Structures are given as C-alpha cells and as structure tokens.
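In this text the structure is predicted, and so the values were computed from the model without any measurement.
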Amino acid sequence: MYEYLTGTVEYIGPDYIVLENNGIGYQIITPNPYKFKSDGTIQKVYTYLYVREDVLSLYGFYTQEEKDFFLKLISVSGIGPKGALAILSASTPEQIALAIEQENEKLLTTLPGVGKKTARQMILDLKGKVTEFVPVVQTEEKELPKGRNTELEEALLALQALGYSDQEIRRVKPILQKEKRTVDEYIRMALQHFIS
C-alpha cells in the first residue's frame, strides 16, 4: 500500500523510528534504526504494511534492496516479519543471499532465530530466487587460481556477520590466504589479528 514515506525522523528507538510526515508521526519498525538521522533532514523510508486480523504494522528500510530482500524472507515458510527483521539486523542481503546460493546451512544458522530446519527451508524456498543480491565474485576467483577456498569464503562472510568492516576484512584476508584451515580456524586467526 505504501511504497515509501518521506519526512523527518523525530525519534529513534531500539527497533523503530518515528517519521513525521505532514503532521503525522508514523511508527516504523526497522532492522537498523540507527542508520537513520534525527537531525531534521528529509529522509526516504521504503515501507511495507503488514496486515493481519489483530495486527497492523509498518516496516521500514533504508534501501529498496533491503525491502526487496525482506519480502523474499517473509515468503519462506516459518519466517514472519519479526524473524525477517532480526535476520536483516544481523547481516546484509548480499551475505545472506550468498549463503543461500551456496547452500551454506552453517552460516545461516548463525543468524538470530534461524535453526537447521529454517536454514534448510530458506535454501529450499529461495535458492535461485535471490541471485540478484549475490555480489559478483569473479575477483575472488582470480585471487584463488587453484580453485575456490570455500572455507576461507565462509570465514570471511562470518566475520562480516560479526560486524567487522570490509576494510578490516580486506586487511586480514591476505594473511589468511596463505594458510589452509577450517572455517573456525580461519575465524580464530582473524580475530587474533584484529585484537593484536
């Protein structure tokens, strides 16, 4: 019903913002409320109105891509809007889509509220339907001429999910590439480098 709303963010809560538009304050539930600024600037929030018999909730997203991925997630059997929001608050559409396309259940189960059963359902329902969200990985393959190091790729994705920046991960990646380790060992190595 509402594709997006524009206005000023009057309040930022732990899981929602209040967007004022023409004198009306809309409470919008969002995965990352602190992406928005409450400095009086006009902002666009991509919205989805969730309607059930006893529920009327407005969900909002910083980008159209986030909203599109949210709609994909709630199409999965067993994932509702709150679950999809928790997943998006912990990771990015790119990382989740890549895990789905690679059938990486282990990485998916690190997301909040996602157990083995839900991870399998995500792969079953979404594999092949989220390819537009998957980042281009040709450069990764050129760096790994002997074949893809899937353990390293999984570890790098896990580090992103843990909140490390692309810059931090790029810095540690050449060190990790010199080794042939398990996913857990790569993660431990990376964490030691981040701390040191």
Side-chain angles (χ1 to χ4, degrees), residues 1-5 9 12-19 26-36 43-137 150-151 153-166 169 183-184 187:
M1 182 180 175
Y2 303 113
E3 184 63 29
Y4 61 83
L5 290 169
V9 175
I12 299 173
D15 56 0
Y16 71 93
I17 60 171
V18 176
L19 186 82
Y26 294 90
Q27 187 188 75
I28 304 172
I29 306 163
T30 180
N32 294 300
Y34 297 102
K35 279 186 177 180
F36 297 95
Q43 293 171 82
K44 181 184 279 189
V45 184
Y46 296 90
T47 54
Y48 169 75
L49 183 64
Y50 179 71
V51 182
R52 286 291 177 271
E53 282 179 24
D54 56 343
V55 179
L56 188 66
S57 301
L58 194 58
Y59 291 87
F61 307 91
Y62 195 69
T63 64
Q64 182 69 51
E65 182 192 49
E66 255 190 355
K67 177 185 172 179
D68 291 344
F69 201 76
F70 171 84
L71 295 175
K72 296 277 188 191
L73 287 173
I74 62 173
S75 73
V76 175
S77 175
I79 297 181
K82 286 184 181 175
L85 216 64
I87 290 167
L88 278 173
S89 68
S91 194
T92 65
E94 293 87 358
Q95 291 159 12
I96 303 163
L98 188 59
I100 289 166
E101 290 302 316
Q102 292 179 342
E103 299 188 23
N104 188 340
E105 279 184 35
K106 190 173 181 182
L107 190 63
L108 290 172
T109 55
T110 64
L111 298 167
V114 178
K116 283 189 177 181
K117 187 180 175 186
T118 305
R120 285 193 202 105
Q121 196 65 48
M122 287 170 75
I123 292 165
L124 187 68
D125 290 356
L126 295 180
K127 188 170 183 199
K129 297 177 185 174
V130 291
T131 50
E132 71 266 30
F133 299 98
V134 177
V136 179
V137 291
T150 53
E151 286 83 4
E153 286 178 14
E154 283 183 32
L156 297 177
L157 282 170
L159 291 169
Q160 285 180 315
L162 289 168
Y164 289 97
S165 69
D166 290 341
I169 292 167
V183 176
D184 291 339
I187 293 168

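- Using a 4.5 Å heavy-atom threshold, the side chains of Ile96 and Met122 count as touching.
- Using a 4.5 Å heavy-atom cutoff, the side chains of Val45 and Thr30 are not in contact.
- Looking at every heavy atom in both residues, Leu19 comes nearest to Gln43 through CD1-O, 4.4 Å.
- At distances below 3.5 Å, at least one donor-acceptor pair connects side-chain atoms of Glu101 with backbone N or O atoms of Gly128.
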Could you walk me through whether Val134 and Gln102 pass the side chain to side chain contact (heavy atoms under 4.5 Å, CB included) test, one step at a time? CA-CA 10 Å; Val134 177; Gln102 292 179 342; over 6 Å; no

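- For the atom pair CD1 (Ile79) and CG (Leu126), the distance works out to 7.5 Å, reported to the nearest 0.5 Å.
- For the side chain to side chain donor-acceptor pair (under 3.5 Å) test, residues two or more places apart in sequence or in another chain that qualify with Ser165 are Glu168.
- The pair Glu105-Arg120 meets the salt-bridge criterion, since a charged nitrogen lies less than 4.0 angstrom from a carboxylate oxygen.
- Contact check for Ile187 versus Glu154: no side-chain heavy atoms found under the 4.5 Å cut-off.
- In this structure, the side chain of Ser91 does not engage the main chain of Leu88 through any donor-acceptor pair within 3.5 Å.
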Residues Tyr62, Asn32; criterion side chain to side chain contact (heavy atoms under 4.5 Å, CB included); working and verdict: CA-CA 8 Å; Tyr62 195 69; Asn32 294 300; over 6 Å; no

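- Between Lys44 and Gln64 there is no side-chain heavy-atom pair separated by less than 4.5 Å.
- Scanning both residues, Ile123 and Asn104, for their nearest heavy atoms gives CD1-N, 4.3 Å.
- Atom OH of Tyr34 is surrounded by more than 12 heavy atoms from other residues, nucleotides or ligands within 6.0 Å.
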Worked check of side chain to side chain contact (heavy atoms under 4.5 Å, CB included) between Asp166 and Gln160: CA-CA 7 Å; Asp166 290 341; Gln160 285 180 315; 3.0 Å; yes

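- Residue-environment remark: OH (Tyr4) stays at or below the threshold of 12 foreign heavy atoms within 6.0 Å.
- Heavy-atom minimum distance, Phe36 versus Ile12: O-CD1, 3.4 Å.
- Contact annotation: the side chain of Asp125 never approaches that of Ser75 to less than 4.5 Å [non-hydrogen atoms, C-beta and beyond].
- Atoms CG and CD, on Leu159 and Gln95 in that order, are 10.0 Å from each other to the nearest 0.5 Å.
- Using cut-offs of 30° and 60° for the angle between ring planes, the Tyr59 and Tyr48 rings count as tilted.
- Looking only at distances, a side-chain donor or acceptor of Lys67 sits under 3.5 Å from a matching main-chain atom of Thr47.
- Not counting sequence neighbours, the partners of Lys35 by the salt bridge (Lys or Arg N to Asp or Glu O under 4.0 Å) test are Glu66.
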Using side chain to side chain contact (heavy atoms under 4.5 Å, CB included), reason through Phe61 and Leu85 one step at a time and then give a plain yes or no. CA-CA 10 Å; Phe61 307 91; Leu85 216 64; 4.0 Å; yes

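- Between Pro33 and Pro14, the closest heavy-atom pair is CG-O, 3.4 Å.
- Heavy atoms only, all atoms of each residue included: Ser89 and Pro31 are closest at CB-O, 3.3 Å.
- The only option from Leu111, Val76, Leu108 that meets the side-chain contact (heavy atoms from CB on, under 4.5 Å) definition with Ile87 turns out to be Leu111.
- Taking Glu65 as the reference, Thr63, Pro93, Glu94, Phe133 meet the side chain to side chain contact (heavy atoms under 4.5 Å, CB included) condition, with sequence neighbours excluded.
- Considering all non-hydrogen atoms of both residues, Ser57 and Ile29 come closest at CB-CD1, 4.1 Å.
- With contacts defined as side-chain heavy-atom distances shorter than 4.5 Å, the pair Phe70/Pro81 qualifies.
- Note that NZ of Lys127 is 3.5 Å distant from CD of Glu103, once rounded to the nearest 0.5 Å.
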